[in-house]
Amino acid sequence: MALDPIVGEPKHDRYDVVIIGGAMIGSSCAWFLSANPDFNGRILVVERDPNYAFASTSHTNSCTRLQFSNEINIKISQFNAEFLRNFRDNLGGDPDIPDIQLHEFGYMFMAATEDGAAVLRENQAVQAACGAETRLMTPAEIAEAFPFYNTDDIVLGSYNPSDEGYFDGNTMFQWWRRKARENGAEYVTNEVVAIGRTGNRVDSVTLSSGERIEAGLVVNASGPRASATAQMAGLDIPVEPRRRYTFIFDVEQKLGQDLPLTIDPTGVTMRTDGAYFMCGCPPDDDPAVAYDDFYLDHAIWEDKIWPALANRVPAFEAVKVLNSWVGHYAYNVLDQNAVIGPHHEVGNFLFVNGFSGHGFQQSAAMGRGISELVAYGVFRGLDLSPLGYDRIVSGTPFLEKAII
Ligand SMILES: Cc1cc2nc3c(=O)[nH]c(=O)nc-3n(C[C@H](O)[C@H](O)[C@H](O)COP(=O)(O)OP(=O)(O)OC[C@H]3O[C@@H](n4cnc5c(N)ncnc54)[C@H](O)[C@@H]3O)c2cc1C
């Protein structure tokens with residue numbers, strides 16, 4: 001499905017809600033809010049990059065999992081799985097909306113030390129209590145179920161085949177965007193360059209074209225630029241762009257079954273990707289980068305990724321790289337978790353930022369959460385308050401141990 005083009009200027013000089021950023025998260029927020037029968041205000045979505053060339057949304061791997069260490073992150077992804085399975089009905093039943101593909105190859109977390117295994121055991125207990133089918137596997141059990149792995153250096157694995165794998169988040173994004181617009185949310189191609197603030201309230205945004213738009217409430221959905229956007233209102237959020245690499249490769253010797261999304265103890269990830277395979281990893285030196293820095297350090301393939309692939313799956317000794325790209329995580333330096341909700345003092349500035357690599361699968365819950373905060377002032381479906389801004393103020397991390 002091609003993206004619907006955005007043309008035109010804002011039709012009004014005042015909106016009840018201005019959403020800064022119209023990619024996955026901004027569009028989910030726009031759709032949930034525009035579809036909420038208890039909200040009938042005007043919504044403006046401002047997007048600086050209408051082709052989303054620099055957005056995390058365009059560089060994602062679009063996978064979802066229940067294997068997190070925090071109950072709230074597990075519940076968020078359970079909601080995602082339920083929402084995408086009924087996507088057409090959830091969006092009103094338009095017969096043009098396709099089924100959303102979910103390829104459940106599962107995630108396989110692997111630990112090579114007793115300390116790593118202890119973390120997997122703790123996480124599995126939390127996941128099981130939430131109803132996830134995660135099971136711990138000895139090296140022998142792993143080798144029996146997935147004979148292509150080398151498990152010589154593995155102490156324990158953690159695998160869940162349900163509600164985990166690739167989902168077609170890009171199609172969800174495009175339909176959220178289209179349906180939000182049909183519901184009356186306005187999208188404009190423009191850049192917010194300033195945010196007006198009087199005391200403890202934001203009251204306007206200024207666009208790069210010069211217009212000043214009055215805003216009842218501002219939602220920061222600007223991805224890796226979250227900090228720059230917050231600073232326009234004199235506010236802080238510890239989110240920075242960090243590079244993440246993805247490679248697509250093919251092999252001569254196929255595995256005969258799906259490769260789960262494997263989190264190798266080296267930090268390298270690998271998985272089935274249609275007829276091919278996908279892999280990636282964070283760089284060892286992982287600084288914040290400039291918003292337009294998408295440099296791909298090819299040495300990482302030779303030095304880190306390929307050796308890890310060949311060690312874990314001997315059939316990956318001989319591989320052919322077909323494609324590669326760099327994307328930015330909106331990395332929450334405090335605790336690698338989302339931040340959703342109002343600033344503690346400036347209550348009409350809402351954050352929905354800092355996803356640190358798991359924002360695609362959190363988009364449905366985040367859109368619904370923002371819609372609830374705007375319409376009712378509180379969360380109703382899922383209590384997302386552990387992910388609120390208060391912990392940023394107090395510097396108290398709400399740490400997620402299962403970050404990829
Ligand atoms: C390599 C990689 C792999 C990933 N894999 C997964 C995965 O498997 N599963 C998962 O759940 N998540 C994954 N993620 C994370 C996921 O892609 C992101 O969390 C998600 O796309 C974030 O969406 P967003 O809308 O917040 O940010 P973005 O997609 O970055 O969108 C922000 C938008 O705001 C716009 N904007 C910024 N500032 C302004 C301004 N001042 N005015 C107007 N517009 C502005 C930008 O142009 C941009 O389009 C991955 C990310 C990467 C990079």
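When a ligand or atom number is given, it counts from 1 through the structure's own listing order.
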Would you check the N or O atoms of [X], main chain and side chain alike, for any that come under 3.5 Å of an N or O of ligand 1?
| X | result |
| --- | --- |
| Pro224 | no |
| Gly359 | yes |
| Gly357 | yes |
| Cys63 | yes |

Where is the nearest protein heavy atom to [atom]: which residue, which atom, and how far?
| atom | answer |
| --- | --- |
| atom 4 (C) of ligand 1 | Asn61 N, 3.4 Å |
| atom 6 (C) of ligand 1 | Thr60 OG1, 3.3 Å |
| atom 31 (O) of ligand 1 | Ala23 CB, 3.1 Å |
| atom 28 (P) of ligand 1 | Ser56 N, 3.6 Å |
| atom 39 (C) of ligand 1 | Arg48 CD, 3.5 Å |
| atom 29 (O) of ligand 1 | Thr57 OG1, 2.6 Å |
| atom 27 (O) of ligand 1 | Gly223 CA, 3.4 Å |
| atom 41 (N) of ligand 1 | Val192 O, 3.0 Å |

| query | In terms of the angle between their ring planes, are Phe32 and Phe79 parallel, tilted or perpendicular, with boundaries placed at 30° and 60°? | reply |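 Correct class here is tilted.
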| Can you say whether the rings of His343 and Tyr389 are parallel (under 30°), tilted (30 to 60°) or perpendicular (over 60°)? |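 His343 vs Tyr389 ring planes: tilted.
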Under a 4.0 Å heavy-atom limit, does [X] contact ligand 1 with its side chain, its backbone, both, or neither?
| X | value |
| --- | --- |
| Ile20 | side chain |
| Ala228 | neither |
| Phe360 | both |
| Ala221 | backbone |
| Tyr245 | neither |

Within a distance under 4.0 Å of any heavy atom of [X], pick out the atoms of ligand 1 and give their elements.
| X | answer |
| --- | --- |
| Gly327 | 53 (C) |
| His358 | 10 (C), 11 (O), 12 (N) |
| His328 | 53 (C) |

| task | Please report the C-alpha distance between Asn36 and Glu372 in whole Å, then the side-chain angles of each, then the deciding distance to 0.1 Å, and finally whether the side chain to side chain donor-acceptor pair (under 3.5 Å) criterion is met. | result | CA-CA 8 Å; Asn36 186 332; Glu372 291 169 347; over 6 Å; no
| query | Does Asn190 come within less than 4.0 angstrom of ligand 1, counting non-hydrogen atoms of the residue? | reply |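 So Asn190 counts as touching ligand 1.
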| Tyr159: ring-ring contact (aromatic ring centres under 6.0 Å, His included) partners, not counting sequence neighbours |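 In terms of ring-ring contact (aromatic ring centres under 6.0 Å, His included), with neighbours along the sequence ignored, Tyr159 is linked to Phe146.
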